[in-house]
Amino acid sequence: MQALRGMRDVLPEEARRWRMVERAIVDVLDRFAYEEVRLPLLEAAELFTRGIGAATDIVEKEMFGLSDRDGDSIALRPEGTASCVRALLQHGLLHNQSQRIHYRGPMFRSERPQLGRHRQFHQVGAEAFGMVGPDVDAELIQMGAEIWRVLGIEGEIQLELNTLGCSEARAAWRGALVRYLRPRQGDLDGDSAKRLERNPLRILDSKFPATRSLLAEAPKFADYIDDDSVRHYEGLKRLLDGLGVAYVENPLLVRGLDYYSRTVFEWTTERLGAQGAVCAGGRYDGLAEIIGGKPVPGVGFALGLERTLLLHEAVHGAGAPPPVDVYCCVLQPEHQGVAMARVRALRDGLPNLRFRVHAGGGRLKNQMRRADQCGARWALLFGEDELRENRMGLKDLRNETPQETLGLAALVERLRTAGMDST
RNA sequence: GUGGGCGUAGCUCAAUGGGUAGAGCUCCGGGUUGUGAUCCCGGGGGUUGCGGGUUCGAGUCCCGUCGUCCACCCCA
């Protein structure tokens with residue numbers, strides 16, 4: 001038996017990095033006072049066909065759909081924004097109020113697997129509702145920059161920025177684009193020809209030279225964009241300039257989900273081959289209404305954890321912090337209970353240290369080897385001699401200092417001071 | 001979804017032109033009483049991803065399948 005295609009097991013060594021990175025990210029979101037929600041993995045399929053767009057690749061060919069016992073179509077969520085909006089609408093949290101929210105968890109898309117692209121993958125998302133101005137767009141981008149800084153990967157990532165205008169302007173431009181391309185359909189590459197009726201804006205970032213040269217003469221969005229959107233975009237850029245957040249304007253940046261309008265942005269990297277999008281988002285002022293609520297402006301982003309982790313590893317190396325701080329060796333099997341009781345007191349006194357008590361007996365030599373192998377800084381010895389005096393032996397495995405024999409209180413004090421400078 | 005590369009021990013990899021699978025690391029034991037990582041000695045471990053086919057004989061050639069990686073595509 002093996003895991004399904006595209007489903008990955010995260011084993012202890014890797015999970016240690018996940019915990020570190022996830023905690024660092026969520027800490028940033030916390031410090032910006034974004035509150036957490038936890039959302040279901042299953043939703044009505046209609047939430048996504050309406051929210052994301054029925055003509056998008058995500059819905060059209062990547063969604064894991066199934067039917068429940070009543071025959072209703074349900075789906076594993078392919079992304080988080082639609083669920084988040086649905087949840088907040090359902091519980092009235094968007095009624096005459098603004099919200100700043102984050103969530104995280106697995107998403108599912110049935111794509112052909114690749115490094116940094118799995119069928120179950122994990123995102124951390126942040127969304128802000130009820131605020132129309134570019135200030136909150138800038139805040140979300142600033143938050144992203146802060147996340148990369150905290151993770152030490154800011155040197156690997158660059159920000160791309162664009163505006164899609166309001167949905168009316170975009171629809172007008174889209175219509176002009178289709179009118180321009182339709183007579184020239186024969187010169188388009190196959191994929192682009194297929195997109196012409198369903199999702200023409202995606203033709204813009206086609207990689208085919210023939211298509212690209214055709215686009216050089218195509219109607220320009222600059223002639224269609226509305227003034228409010230221009231002002232919004234200019235305002236956002238001014239704020240980012242003031243915050244010192246560097247960006248590259250990319251007029252071809254078109255998010256693959258229908259719900260975006262105005263601001264769209266993407267944090268990309270060169271180090272992950274074709275899977276260069278680490279984090280992306282934008283404004284989606286129309287989404288709440290599409291889902292069946294009153295109109296509520298929204299803007300947000302989602303970052304891909306696997307890709308962030310790959311970058312983190314590329315920058316910081318493969319080493320993960322050891323899982324154990326103190327490995328406790330029990331020399332005589334009859335002292336196991338005493339040792340376990342004593343370590344309970346140590347865990348109480350030293351909540352930041354991780355104690356592992358040897359189990360299964362065996363010679364001290366082997367127990368010491370286990371202590372070394374798990375990466376523990378200290379070995380703690382429960383032997384006849386030490387226990388007779390109600391003390392324990394402490395050996396520093398990473399420094400050439402003499403072994404000490406200490407009572408409980410002295411040991412707690414000793415590990416507390418040493419524990420500080422080791423972390 | 002399309003095209004291609006790869007799949008041999010827990011891990012990283014060998015195996016001449018088809019001739020019944022090997023190394024390093026890991027792991028286990030030993031080097032005399034209660035001290036790890038080094039050193040020495042010994043040991044365990046594989047239905048060569050899976051299923052067919054060709055052949056006297058297949059890890060090696062062919063087909064299928066599963067998985068993975070790369071590009072396309074898509075996206076976070």
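Just so it is clear, the structure is predicted and the values come from calculations on it, not from any experiment. Each chain gets a letter, A, B and so on, in the order its sequence line appears, and its residues count up from 1.
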Requested in this report: Kindly indicate whether the side chain of A:R307 and the base of B:rC75 share any N or O donor-acceptor pair separated by less than 3.5 Å?
Outcome: yes

Report task. Using a cut-off of strictly less than 4.0 Å, decide whether A:R112 has a side-chain nitrogen or oxygen near OP1 or OP2 of B:rG1. Result -> no

Report task. Describe the nucleic acid contact of A:E384 in one word from base, sugar-phosphate, nothing, applying a heavy-atom distance below 4.0 Å. Result -> base

Query raised in the report: What nucleotide, of B:rA76, B:rG1, B:rG34, holds the atom closest to the side chain of A:E306?
Result: B:rA76

Query raised in the report: Starting at the 5' end of RNA chain B, which residue's closest nucleotide do you reach first, A:A3 or A:R119?
Result: A:R119

Heteroatom pairs (N/O) under 3.5 angstrom, protein to nucleotides 28-31 of chain B:
| residue | atom | partner | partner atom | Å |
| --- | --- | --- | --- | --- |
| B:rC28 | OP1 | A:R370 | NH2 | 3.1 |
| B:rC28 | OP2 | A:R369 | NH2 | 3.4 |
| B:rG29 | OP2 | A:R369 | NH2 | 3.4 |
| B:rG30 | OP1 | A:R363 | NH1 | 3.2 |
| B:rG30 | OP2 | A:R363 | NH1 | 3.1 |

Requested in this report: To the nearest Å, give me how far apart CG (A:D57) and P (B:rC75) are.
Outcome: 5 Å

Query - Partner of A:Y327 under side-chain hydrogen bond (donor to acceptor under 3.5 Å, both in side chains), chosen from A:H358, A:R356, A:Q367, A:R370 - result: A:H358

Query raised in the report: Okay, side chain of A:T269, backbone of A:E156: is any donor-acceptor separation there less than 3.5 Å?
Result: yes

Query raised in the report: Between B:rU35 atom P and A:Q367 atom CD, what is the distance in whole Å?
Result: 12 Å

**Report entry** Separation of B:rU68 C1' from A:E111 CD (nearest whole Å)
**Finding:** 16 Å

Report summary line: Closest to the side chain of A:P113, out of B:rC69, B:rU35, B:rA76, is B:rC69

Query raised in the report: For the side chain of A:Q332 and the base of B:rG34, is some donor closer than 3.5 Å to an acceptor across the two?
Result: no

Report task. Indicate whether OP1 or OP2 belonging to B:rU68 is found under 4.0 Å from a side-chain N or O atom of A:Q114. Result -> no

Query raised in the report: Quick one: which of B:rC66, B:rC72, B:rU35 gets closest to the side chain of A:Q2?
Result: B:rC66

Query raised in the report: Across the strands shown, which category fits A:R398 at heavy-atom distances under 4.0 angstrom: base, sugar-phosphate, nothing?
Result: base

Requested in this report: Considering just the side-chain nitrogens and oxygens of A:R202, establish if one lies under 4.0 Å of OP1 or OP2 belonging to B:rC75.
Outcome: yes

Query raised in the report: Does A:G349 offer a backbone N or O that forms a donor-acceptor pair with the side chain of A:R416 under 3.5 Å?
Result: yes

Report task. Measure the spacing between OH of A:Y284 and OG1 of A:T81 and express it to the nearest 0.5 Å. Result -> 5.0 Å

Report task. Would you mind reading off the distance between A:H118 atom NE2 and B:rC69 atom C1', rounded to a whole angstrom? Result -> 11 Å

